[in-house]
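This one's a predicted model, so the numbers in the text were calculated from it and none came from an experiment. No hydrogens, no waters, no symmetry mates; every other heavy atom, side chains included, goes into these values.
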Amino acid sequence: MPSASPEPHVPVLLDEVIAYMGATDVAVDATVGAGGHAEGLLAAGVDVVVGVDRDPEALREAAERLARFGRRFRPVLRRFSELSEAAAEAGVDRAGGVLFDLGVSSMQLDRSERGFGYRSDGPLDMRMGGGGPTAADVVNTYAEADLADVIYRYGEERHSRRIAAAIVRARRRKPIATTDELAGIVAAAVPGRRGGPHPARRTFQALRVEVNAELEEIAASLPQATTLLEPGGVLVVISYHSLED
């Protein structure tokens, strides 16, 4: 007997997002993901929600989840830095609200084949969309100093030099291909505290940010978002770490 379909992902701060944006006529969800925020806004009475995402798998799931809203939900496959193009593609020139829910989504983390997580084994990928270098390319080709810089800057990891040196030693033996391999290398280089977070957490964050040029994408999109907003419009940003802030 087939297993039941998983429950749709429940988005963070949904009530707060609706409180800020629920009265708008047109909203742009720049990180639509599985569609949870967009669904809440549409159910609250927003006339049109443009759902933007760089991840084709996420966008496909959002479109299926929100099919009942017809043309009120308009999915667009674009990056943050292409926000203006995304709105134009959806037939929107002004919006009452723009939402960013930054970072990696739970649907990406939960699927080991996407290579984002350090707690389950999978290919060392971490790309949010198709094309471009993978996390495996970064750990296997960057010079040791450059790798340490990425881990320090984007992971805020004080042991970045030790971790980079351990990665370079390991890749001399054979290329690092999986999340499990990398997590083990980092854990051996920087043992974690008993009961504390996994020692590879910051390194994985850093690689994900580097692979997807996340900070550059945010910086490029914010001016576009403010231009898109109508007078009195609202920009809502949900962030999870100091670099995003």
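Taken from OG1 in T203 to CD1 in I185, the straight-line distance is 10.5 Å, to the nearest 0.5 Å. Rounding to the nearest 0.5 Å gives a distance of 7.0 Å between OG1 of T226 and CG of L229.
One side chain, D101 or Y240, offers a donor N or O that lies under 3.5 Å from an acceptor on the other. If you check the side chains of E157 and S160, you find no donor sitting under 3.5 Å from an acceptor.
Nearest heavy-atom pair across A38 and F73 is CB-CE1, 4.1 Å. Listed here is the closest heavy atom pair of V76 and A90: CG2-CB, 4.0 Å. The nearest pair of heavy atoms linking D93 to L228 is O-CD1, 3.5 Å. Minimum heavy-atom separation, A63 to P75: CB-CG, 4.3 Å.
Remark: R78 does not engage E85 in a salt bridge, criterion side-chain N to carboxylate O under 4.0 Å.
Between L102 and the options L215, I218, I238, a side-chain contact (heavy atoms from CB on, under 4.5 Å) holds for only I218.
Environment of CZ in R72: crowded, with over 12 heavy atoms of neighbouring residues, nucleotides or ligands closer than 6.0 Å. R153 CZ: more than 12 foreign heavy atoms inside a 6.0 Å radius. Residue-environment remark: CZ (F69) exceeds the threshold of 12 foreign heavy atoms within 6.0 Å.
With hydrogens and angles ignored, the 3.5 Å screen pairs no side-chain donor or acceptor of E181 with any backbone N or O of I176. Panel note: side chain R54, backbone N212; a donor-acceptor pair is recorded below 3.5 Å. Not a single donor-acceptor pair under 3.5 Å links the side chain of R79 to the backbone N or O of E217. Side-chain atoms of R68 come within 3.5 Å of backbone atoms of R65 as a donor-acceptor pair (strictly under, hydrogens ignored). In terms of modelled atom types and a separation under 3.5 Å, the side chain of D53 and the main chain of G33 share a donor-acceptor contact.
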Query raised in the report: Can you list the steps and then say if D146 with V150 is a side-chain contact (heavy atoms from CB on, under 4.5 Å)?
Result: CA-CA 6 Å; D146 294 335; V150 165; 5.7 Å; no
**Report entry** side-chain contact (heavy atoms from CB on, under 4.5 Å) between F80 and V52, intermediate numbers included
**Finding:** CA-CA 8 Å; F80 280 171; V52 184; over 6 Å; no
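Residues passing the side chain to side chain contact (heavy atoms under 4.5 Å, CB included) test with R94, sequence neighbours excluded: E230, P231.
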